[in-house]
Amino acid sequence: MSVEVNQYIQWLKDNGAVYEKLDFRPDSDGVGSVYATATVHEGERLATLPFRLAITEKVARETLPDLNDHSSRNVMAYYLAQQKNVGDKSFFAPYLNVLPEKIITGLLFDDNDLRYLENTSLYVTIGERRKKVSEDFQRLSAQVPNGNVTWDQFLWGYSVLSSRSFPYSLIDPQYDGPSEVLFPLLDALNHKPNTKITWMRDGDVETGSLSFVIGQEVPAGEQLFNNYGPKSNEELLLGYGFCFEV
């Protein structure tokens, strides 16, 4: 295991995260994955993360109070880039340090990638989305004194959110807005359709936690998956950077 992964695991445990049968390592394609170190039985909790380790819109806005007129996604993307820049001074550094340096979602497709999407609605959507995100970044940058966040860094933060975030209603079920949240540890599981898994909330907004409860037995050595819900290949390519063969 790398130094960064060991520091991340220690940070999780020091701050109350709980898991026992998880092994973090790349799959055969080099994609970060989670494997079972022992048989995981149906109904067993895979992992539990206290809400205090989550990165929320509230956390981001407290650090960036001048951005009240910007969306949750944009403020959180800027916050992630800013926190990545301050390095070990950030409380979330152990988590940010293990995230991929590049997340090739639709917004980062180059001309060669886009060539395969010509004459599709996704090709048009990517162009429109990239233009809008770029305009939003210019507005954000103008409002943050000495922000020191580049376009590439902001796009990284934006892609982290599009590919790893959960709905904020998992923390506060009464909230019905568009806000997002990042759950370290829990966001490490890759997507597999039809995986039986439950996202279980416990406690209140301030002191609660989120757990993953497996709905099927997984033998030792097998990869453990999450289920992102029903998503088309277009949605997966745009927001996550992968799709399934059809």
Side-chain angles (χ1 to χ4, degrees), residues 26-34 55-57 60 67 70-85 95-141 149-170 177-184 186-195 223 225-246:
D27 63 12
S28 58
D29 295 319
V31 177
S33 306
V34 180
I55 301 178
T56 64
E57 178 183 355
L67 302 181
H70 291 270
S71 70
S72 168
R73 169 68 62 85
N74 287 337
V75 173
M76 291 184 69
Y78 200 96
Y79 174 78
L80 290 174
Q82 189 184 68
Q83 292 298 296
K84 180 75 169 173
N85 279 344
Y95 168 62
L96 299 176
N97 289 341
V98 298
L99 295 178
E101 291 294 328
K102 271 203 167 185
I103 303 171
I104 310 298
T105 64
L107 292 182
L108 278 86
F109 285 178
D110 59 23
D111 290 342
N112 185 59
D113 296 324
L114 291 171
R115 182 168 57 87
Y116 294 98
L117 299 175
E118 287 180 353
N119 302 314
T120 68
S121 59
L122 182 57
Y123 181 91
V124 175
T125 298
I126 288 174
E128 293 175 344
R129 181 74 59 84
R130 188 179 285 171
K131 181 175 183 293
K132 176 67 166 60
V133 173
S134 176
E135 291 170 349
D136 289 343
F137 171 68
Q138 296 302 323
R139 290 178 52 236
L140 280 162
S141 298
V149 170
T150 67
W151 163 243
D152 286 342
Q153 291 166 342
F154 177 76
L155 204 53
W156 173 82
Y158 196 97
S159 296
V160 168
L161 288 162
S162 76
S163 63
R164 306 180 82 91
S165 69
F166 294 76
Y168 180 74
S169 56
L170 287 169
S179 192
E180 304 168 278
V181 56
L182 289 171
F183 289 117
L186 301 180
D187 67 358
L189 276 69
N190 295 319
H191 172 55
K192 185 177 182 180
N194 303 316
T195 295
Q223 186 173 170
F225 291 97
N226 191 7
N227 186 342
Y228 300 172
K231 295 185 184 295
S232 67
N233 268 341
E234 287 79 7
E235 286 180 281
L236 291 172
L237 265 180
L238 180 61
Y240 299 83
F242 70 88
C243 64
F244 294 102
E245 290 186 16
V246 293

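Note that this is a predicted model, so its numbers are computed, not measured.
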* Among all residues two or more places apart in sequence or in another chain, which pass the side chain to side chain donor-acceptor pair (under 3.5 Å) test with N85? -> Q153

* Please determine, by modelled atom types, if D27 and Q223 share a side-chain donor-acceptor pair under 3.5 angstrom. => no

* More than 12 non-hydrogen atoms from neighbouring residues, nucleotides or ligands closer than 6.0 Å to CD on E101, yes or no? -> no

* **Atom of G32, atom of N190 and distance for their closest heavy-atom approach** => O-ND2, 3.1 Å

* Asked: With a 4.5 Å heavy-atom cut-off, do Y95 and L182 have their side chains touching?
  -> yes

* Asked: Who passes ring pair (Phe, Tyr, Trp, His ring centres under 6.0 Å) against Y228, sequence neighbours left out?
  -> H191, Y240

* Residue pairs fulfilling side chain to side chain donor-acceptor pair (under 3.5 Å) with at least one residue in residues 105-116, sequence neighbours excluded -> T105-S159, N112-R115

* Might you point out which heavy atoms bring E180 and L161 nearest each other, and give the distance in Å? => OE2-O, 4.0 Å

* Take R73 and S162 through the test side-chain contact (heavy atoms from CB on, under 4.5 Å) and record every step on the way to the result. => CA-CA 9 Å; R73 169 68 62 85; S162 76; 3.7 Å; yes

* If you look only at pairs with a residue in residues 149-164, which of them pass as a salt bridge (Lys or Arg N to Asp or Glu O under 4.0 Å), with sequence neighbours excluded? -> R164-D187

* To do: Decide yes or no for V124 and S121: does some side-chain heavy atom of the first lie under 4.5 Å from some side-chain heavy atom of the second?
  => no

* With a distance cut-off below 6.0 Å to the six-membered ring centre and an angular limit of 45° from the axis, does K84 pair with W156 as a cation-pi contact? -> yes

* Just wondering, do L237 and F109 contact through their side chains at under 4.5 Å, heavy atoms? -> yes

* Structure fact -> Shortest non-hydrogen pair, L80 vs G157, comes out as CD1-O, 3.6 Å

* Asked: Mind checking what makes salt bridge (charged side-chain N to carboxylate O under 4.0 Å, His left out) contact with D136, not counting sequence neighbours?
  -> K132, R139

* What heavy-atom pair brings V181 and M76 nearest, and what distance separates the two atoms? -> CA-CE, 4.4 Å

* **side chain to side chain donor-acceptor pair (under 3.5 Å) against N226, all qualifying residues, sequence neighbours excluded** => W199

* **4.5 Å side-chain heavy-atom contact, E135 and V133** => no

* Set of residues satisfying side chain to side chain donor-acceptor pair (under 3.5 Å) with respect to S179, sequence neighbours excluded -> E57

* Asked: Any side-chain heavy atom of K102 within less than 4.5 Å of one from P100?
  -> no

* To do: Check the pair I55, Y79 against side-chain contact (heavy atoms from CB on, under 4.5 Å), reporting the backbone distance first and the verdict last.
  => CA-CA 10 Å; I55 301 178; Y79 174 78; 3.9 Å; yes

* OG on S141 to CD on Q138, rounded to 0.5 Å -> 6.0 Å

* So, Y168 versus F166, ring centres under 6.0 angstrom or not? -> no

* Return the set of residues passing salt bridge (charged side-chain N to carboxylate O under 4.0 Å, His left out) with E118 (not counting sequence neighbours), or none when no residue passes. => none

* side chain to side chain donor-acceptor pair (under 3.5 Å) with T195: which residues, sequence neighbours excluded? -> none

* To do: Quick one: closest heavy-atom pair of I103 and S163, and the distance?
  => CG2-OG, 3.8 Å

* Non-neighbouring partners of E128 that pass salt bridge (charged side-chain N to carboxylate O under 4.0 Å, His left out), sequence neighbours left out -> none

* Set of salt bridge (charged side-chain N to carboxylate O under 4.0 Å, His left out) partners for R129, sequence neighbours left out -> none

* To do: Report yes if the side chains of F225 and V34 come closer than 4.5 Å at any heavy-atom pair, otherwise no.
  => no

* To do: Output every pair passing ring pair (Phe, Tyr, Trp, His ring centres under 6.0 Å) with a member in residues 119-138, not counting sequence neighbours, ordered by first then second residue.
  => F137-W151, F137-F154

* Asked: How far does OG1 of T125 sit from CD of E235, to the nearest 0.5 angstrom?
  -> 11.0 Å

